Amino acid sequence: MTALQPARGTRDLIGEDFRRHHKVAETARRISALYGFEEWATPIFEDTRVFSRGLGDTSDVVSKEMYTFTDRGGESVTLRPEATAGLCRALVSNGLTQSNLPRKVFYTGPMFRYERPQKGRYRQFHQIDIEVMGAAEPLSDAEVIACGWHILQELGVAAATVLEINTLGDTPSRDAYRAALIAYFSAHRDALSHDSRVRLEKNPLRILDSKDETDRAIVAGAPTIAAHLTPEAAEFYGSVRRHLDRFGVPFRENPRIVRGLDYYSHTAFEFVTDQLGAQGTVMGGGRYNGLVEEMGGPPTPCVGWAAGVERLAMLLPEAPPAPRPVAVIPVGEAAEAPALDLLQALRRAGVTAEIGYRGNLKRRMERANRIGARAAVILGDEEIAAGVAQLRDLDAGTQEKVPLAEVPGRLA
RNA sequence: GCGGCCAUAGCUCAGUCGGUAGAGCGCCAGGUUGUGGUCCUGGAUGUCACGGGUUCGAGUCCCGUUGGUCGCCCCA
């Protein structure tokens, strides 16, 4: 096909697709506001260092998935692959690290990763995101998760997902656990898949969520982090779980949950589903305590999550309905002016109303039907002479004369 | 970055053994010069994704490209 198409991994959101996306973002905006989150917007592209520092040089996102350009001034800039690093940069850039902490931020917008597209995965995709910046208390972890759960419930997708949580511990816990894992997997090195042997060098934690069957058998016998947690890290995790119970958020502990990006510690969680093929994670996040420092700010503990809007939009049990307007239909030239007056009166009364730009009565009725109008208001010479309009219910097919002044009230 | 499958009308898809393109839905017009959604009648629409090859002849077979899709890697 020679016609222009959207670039690979991008797509247009039109009609039902747009309404699905909009419902996800709007619901997240509304519910997160109930928890005290304020919405921010930050640039779509940033200095490349915001991401290379923030996400860790070894992560795939940084090493091979970023849209990075040199601009005309010779600066290296990158289309953001996620929101968190930019939000932490904004906290520092705007001098917000000194007071008023924690800041609770809601975010939604497009993100960019150069990946092979597949179901629920695009090169330009959208996330909703909340972050609590500047709180070290486990209550903030639990509140962030409770807010996510609340949003999923409101969207009607909660029943299709399961919350899995784990702890990655603090730095001493993680280092000790990492060493134990390396020792264990090294002993089984020859039985591991090729991918996992690479992981053993790069990021041993990643072997824990391998999909390879042989790996899984080995993983089943692998040490868990529980035995390596410092007392402080263990107490932190216990407190998060107690708060989740109090908030009434059901969860399943999964010691094999890890996070893809390097900045996480302590709480890690994912809402997963079996309805999206290989892209099972619908919302994922955790605690990250070093990122603000990476951006040049003071040590600032944070916790948050991101969720894929495309994935949530696909899970919505039903498409949000299109709005149903009222069609105002003048018959004959003399009716046009009063029809426009009535049209605006309807809109001022909060009624979605449309007028066709051309066509006779039949044509306009056809169009009213096609745009899903719930009612037609027909105004011709006879009606104007009598000071009324024909108000036709397009679902029932019934029609009656209504005094002009009463029409907006009848349709509100 | 790697592998499987797929690409025919606006949409969903048929197209036999290689013989010059079809259906349903939708769209347009009429049946009805003041009434839609139902019904009836008629009509339009394709570089068969793109490029090359085999052949007298390719939607059909072969190669490549692009795109889609599913999986791997990774991730929301």
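Model, not experiment: these values are computed from the prediction. So that the names make sense, note that chain A is the first sequence line, chain B the second, and so on, each numbered from 1.
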Nucleotide nearest Q127(A) (side chain, heavy atoms from C-beta), chosen from rU35(B), rA76(B), rC27(B): rA76(B)
Mind telling me whether F112(A) and Y67(A) have parallel, tilted or perpendicular rings, with 30° and 60° as the class edges? perpendicular
Among L91(A), V303(A), T97(A), L101(A), which residue satisfies the side-chain contact (heavy atoms from CB on, under 4.5 Å) criterion with M133(A)? L91(A)
Look at R241(A) together with E253(A) and state whether they make a salt bridge at an N to O cut-off of under 4.0 Å. yes
Please pick, from rG34(B), rC74(B), rA29(B), the nucleotide with the shortest atom-to-atom distance to any side-chain atom of R363(A). rA29(B)
Roughly how many Å is it from CD in E164(A) to P in rA76(B), rounded to a whole number? 15 Å
Run the salt bridge (charged side-chain N to carboxylate O under 4.0 Å, His left out) check on R49(A) and E294(A) step by step: do they pass? CA-CA 10 Å; R49(A) 289 171 295 183; E294(A) 291 284 348; over 6 Å; no
What nucleotide, of rC27(B), rG34(B), rA76(B), holds the atom closest to the side chain of R370(A)? rC27(B)
Which whole number of Å gives the distance between the C1' atom of rU66(B) and that of rG51(B)? 10 Å
Where the side chain of R392(A) is concerned, which of rG36(B), rC75(B), rC73(B) is the nearest nucleotide? rG36(B)
Classify the ring geometry of H188(A) against Y184(A): parallel below 30°, tilted from 30° to 60°, perpendicular beyond 60°. tilted
I need the CD-C1' distance between E115(A) and rC70(B), as an integer number of Å. 16 Å
What protein N or O atoms touch nucleotides 65-69 of chain B N or O atoms at under 3.5 angstrom, if any, and at what distances?
| unit_1 | atom_1 | unit_2 | atom_2 | d |
| --- | --- | --- | --- | --- |
| rG68(B) | OP1 | G9(A) | N | 3.4 |
| rG68(B) | OP2 | R8(A) | NE | 2.6 |

Side-chain N,O (K362(A)) to OP1/OP2 (rG36(B)) below 4.0 Å: yes
Let me know the distance between CZ of R311(A) and P of rC75(B), rounded to the nearest Å. 11 Å
